[in-house]
Amino acid sequence: MTPITTELVRDQIAAAVEEVVSRTPVSDIHTHLYDPAFGNLLLWGIDDLLVYHYLVAESFRYFDMPFEKFWNLPKSEQADLIWDALFIQNSPVSESCRGVLTTLNLLGLDVRKRDLNAIRRWFSEWTAEDYVTRCMELANVSSICMTNSPFDDLERPLWEKGFTRDERFTAALRIDPLLISWPNAGSELAGRGYQVTSDLNPGTISEVRRFLSDWTRRMNARFVMVSLSNEFQYPDDSDCVRLINEAVVPHCEEFGIPFAVMPGVRRQVNPHLKLAGDAVGATDLGSLQNLCAAFPKTKFLATVLSRENQHELCVLARKFRNLHIFGCWWFLNNPSLVDEMTRMRVELLGLSFTPQHSDARVLDQIVYKWHHSRQVIGKVLAEKYGDLAATGWMPTRDEIERDVKKLFGGAFEEFCSLQLR
Ligand code: RAT
Ligand code: ZN
């Protein structure tokens, strides 16, 4: 008989955690995907996987051609060039490249052949509706939160016209132009029948609130969100801060929904790269601290782009119950950093956070993003339960299931339901 050793217990725990983590459906709280009713706005398939802006940035490390020449090509030719540079001329070891292969492999395609046209033929057999279900099943994702901007001329008309919602897709009201580009955003609101002037007087503020209410209702938005520069300061005498104080925060309190802040973006450091041209900078989290302290009844969701800010962010979340941290965002969504951040968050916050969101822009990406994240989250949890077992506190299967449910959407839902009285 095998003696029960600590190693054996750890192995058994690891196997149980791996199974629970892979079987528990996850709610993906931030993506750039769309309800299939939005038609071509929902991106999917091999060419869109290849021209993902994460891969565009990596390709230009190898390309020696003018930026404009690349941008003038049709999507399939851009995809050919990226495939050649990142998969054929070099091994696809980066996280974004590996992701394409994980996705294809889990979909059942044979990637060994390196045959892009055969892969294209396989995708041409699918319809978007069936493919959504297939990807959600494979990724074990139960719901997908979109990023919905009333300032986007492509998506706005459908919201205005109305459509039958696919219940698997929830909405988040994204308001970057409102907070970052006032008074331009004000002119846009004025053009749409809101009585605003460039001056943030009480009449204008009340019309901005009417705009937020109209769109929150129309979208049934789960939260309001903004991505902010690494230079964001709070308090400040900027229009952005006045709009936060006088319009966004009161709006979120009235509707009982969180305000998601995402600081750390250095926008368009290389505009030639278009969507791939943004970078990262450490931010002053004193500003987030000031926001949480100034508005204890407002629920703040936060994800922060810089690795350097992560420890301070965890400590802040220990101080403010109106702050819920989520995801390993954008340049942080790499296994080494997801491991480090998840470990740190568990050690400082227990289970009261949301470890990951996919940020998928192409539907198929949910397959790899969740597969890779589950591997890392499972590994960290197995170690932590192993450490508990070493004290004699053996986690039960029910407890493990309960905890994983929290991390995969339960803690987020609990946070959204807080009344903060
Ligand atoms: O991760 C990304 O795809 C970025 O381009 C951003 O869209 C970011 O996630 C954001 O929501 O601003
Ligand atoms: Zn995003």
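Just follow the structure's listing: the first ligand is 1, and inside any ligand the first atom is 1. By convention here, the first residue in the shown sequence is residue 1.
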Novice: Which heavy atom of the protein is the closest neighbour of atom 5 (O) of ligand 1, given with residue, atom name and distance?
Specialist: H53 NE2, 2.9 Å
Novice: Between E413 and R222, does any side-chain N to carboxylate O distance fall below 4.0 Å?
Specialist: yes
Novice: List every atom of ligand 1 that sits less than 4.0 Å from any heavy atom of H30, numbering the atoms from 1 in the order shown and giving each element.
Specialist: 9 (O), 11 (O)
Novice: With R218 as the cation and W215 as the aromatic partner, state whether NZ or CZ is under 6.0 Å from the six-membered ring centre and within 45° of the axis.
Specialist: yes
Novice: Verify whether one side chain among D176 and S227 offers a donor that lies under 3.5 Å from an acceptor in the other.
Specialist: yes
Novice: Identify, for atom 8 (C) of ligand 1, the protein heavy atom at the shortest distance, and state residue, atom and that distance.
Specialist: W329 NE1, 3.3 Å
Novice: Tell me which one of R361, M225, R174 gets a heavy atom nearest to atom 11 (O) of ligand 1.
Specialist: R174
Novice: Can you tell me how the ring of F70 sits relative to the ring of F60, calling it parallel under 30°, perpendicular over 60° and tilted otherwise?
Specialist: perpendicular
Novice: Any non-hydrogen side-chain atom of H30 less than 4.5 Å from a side-chain atom of T303?
Specialist: no
Novice: Name the closest protein heavy atom to atom 9 (O) of ligand 1, giving the residue it belongs to and the distance to 0.1 Å.
Specialist: D359 OD1, 2.7 Å
Novice: H32 heavy atoms, cut-off 4.0 Å: which ligand 1 atoms fall inside?
Specialist: 7 (O), 8 (C), 9 (O), 10 (C), 11 (O)
Novice: Please state which option from Y54, F331, Y52 has its nearest heavy atom closest to atom 1 (O) of ligand 1.
Specialist: Y54
Novice: For the metal site, I want the angle between atom OD1 of D359 and atom NE2 of H30 with the Zn ion (ligand 2) at the apex, to 10°.
Specialist: 100°
Novice: Anything under 30° is parallel, anything over 60° is perpendicular, the rest tilted; go ahead and classify F87 against W83.
Specialist: parallel
Novice: Is the distance from the Zn ion (ligand 2) to the nearest N/O/S atom of H357 under 2.8 Å?
Specialist: no
Novice: If only side-chain N and O atoms count, and only distance matters, is there a donor-acceptor pair under 3.5 Å linking N245 with Y234?
Specialist: yes
